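The shown structure was predicted, so the numbers you read here are calculated from the model rather than taken from an experiment. These values consider heavy atoms only, across backbone and side chains, with no hydrogens, waters or symmetry-generated copies.
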Amino acid sequence: MNWDGNAERTLRSLADMVPATLRELATAAARDESELVASERDSDEVLTEDVVRGWIRTTPPEQRNGLVAVIDGLGFDVELFAEDLQSAEGWPEEDE
């Protein structure tokens with residue numbers, strides 16, 4: 001899958017916020033998820049929005065409130081990602 005240069009920079013910016021001991025793992029998970037997001041929209045290129053969505057999906061739901069400021073700080077319209085931020089798809093329910 002091809003990666004837009006801005007998408008690569010966005011992933012690095014997000015990964016830089018993760019402690020060094022977890023950065024490689026977080027980057028790999030977000031890269032895989034970003035490529036999945038791109039493929040879900042039938043594209044062979046990962047764009048910045050795909051990276052943000054991929055990062056959100058790999059962030060536990062209870063930690064996503066903190067992503068609002070991060071997404072805004074990167075210059076994105078947080079409203080574009082509101083549904084993603086509220087979804088817990090793929091994560092176990094807190095009751096489990």
Side-chain angles (χ1 to χ4, degrees):
M1 172 127 353
N2 297 315
W3 277 67
D4 174 78
N6 289 328
E8 286 281 1
R9 283 186 287 283
T10 299
L11 180 59
R12 276 195 305 274
S13 294
L14 290 164
D16 284 345
M17 297 178 199
V18 175
T21 55
L22 299 174
R23 192 171 298 141
E24 187 175 334
L25 180 62
T27 300
R31 182 174 293 280
D32 290 347
E33 197 64 35
S34 299
E35 290 182 356
L36 179 61
V37 171
S39 69
E40 287 172 354
R41 58 177 186 78
D42 296 322
S43 178
D44 63 352
E45 182 176 37
V46 177
L47 302 176
T48 56
E49 292 84 3
D50 302 324
V51 173
V52 174
R53 285 191 169 86
W55 193 266
I56 291 168
R57 289 182 183 184
T58 59
T59 301
E62 64 274 5
Q63 296 177 9
R64 292 184 185 169
N65 283 341
L67 289 179
V68 173
V70 171
I71 293 167
D72 185 53
L74 290 172
F76 293 100
D77 179 1
V78 177
E79 290 298 318
L80 293 174
F81 306 102
E83 187 174 317
D84 301 283
L85 288 163
Q86 295 171 2
S87 173
E89 181 180 334
W91 290 89
E93 296 292 323
E94 288 184 23
D95 297 345
E96 293 179 16

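A distance of 9.5 Å separates CD in Q86 from CG in N65, rounded to the nearest 0.5 Å. Distance check: N6 CG to E49 CD gives 9.5 Å after rounding to the nearest 0.5 Å.
Partner of D50 under the side-chain contact (heavy atoms from CB on, under 4.5 Å) criterion, out of V52, L47, T48: L47 alone.
A heavy-atom distance below 4.5 Å is not found between the side chains of T10 and W55. Taking 4.5 Å as the limit, some side-chain heavy atom of L14 sits within range of a side-chain heavy atom of L74. R31 has its side chain within reach of E8: a pair of non-hydrogen atoms, C-beta onward, lies under 4.5 Å apart. With a 4.5 Å cut-off on side-chain heavy atoms, V46 and L11 do not count as touching.
The shortest non-hydrogen separation linking R23 to V18 is NH2-O, 2.8 Å. Contact between S39 and M1 at its shortest, heavy atoms only, is CB-CE, 4.3 Å.
A donor-acceptor pair is defined here as one N or O able to donate and one able to accept, closer than 3.5 Å; no such pair exists between the side chain of S87 and the backbone of E83. Counting only distance, with no hydrogens or angles, the side chain of R64 and the backbone of D84 share a donor-acceptor pair below 3.5 Å.
Hydrophobic cluster membership is shared by V70 and V51, with clusters built from Ile, Leu, Val, Met, Phe, Trp and Tyr side chains linked at under 4.5 angstrom. Following chains of ILVMFWY side-chain contacts shorter than 4.5 Å, one cannot reach V37 starting from W3, and the two form parts of different hydrophobic clusters. Placement of L67 and F76 within a single hydrophobic cluster is found when ILVMFWY residues are connected by side-chain heavy-atom separations under 4.5 Å, directly or transitively. Note on L25: it does not cluster hydrophobically with I56, by side-chain heavy-atom contacts below 4.5 Å among ILVMFWY residues.
Open room surrounds CD on E79; 12 or fewer heavy atoms of other groups in view lie less than 6.0 Å from it.
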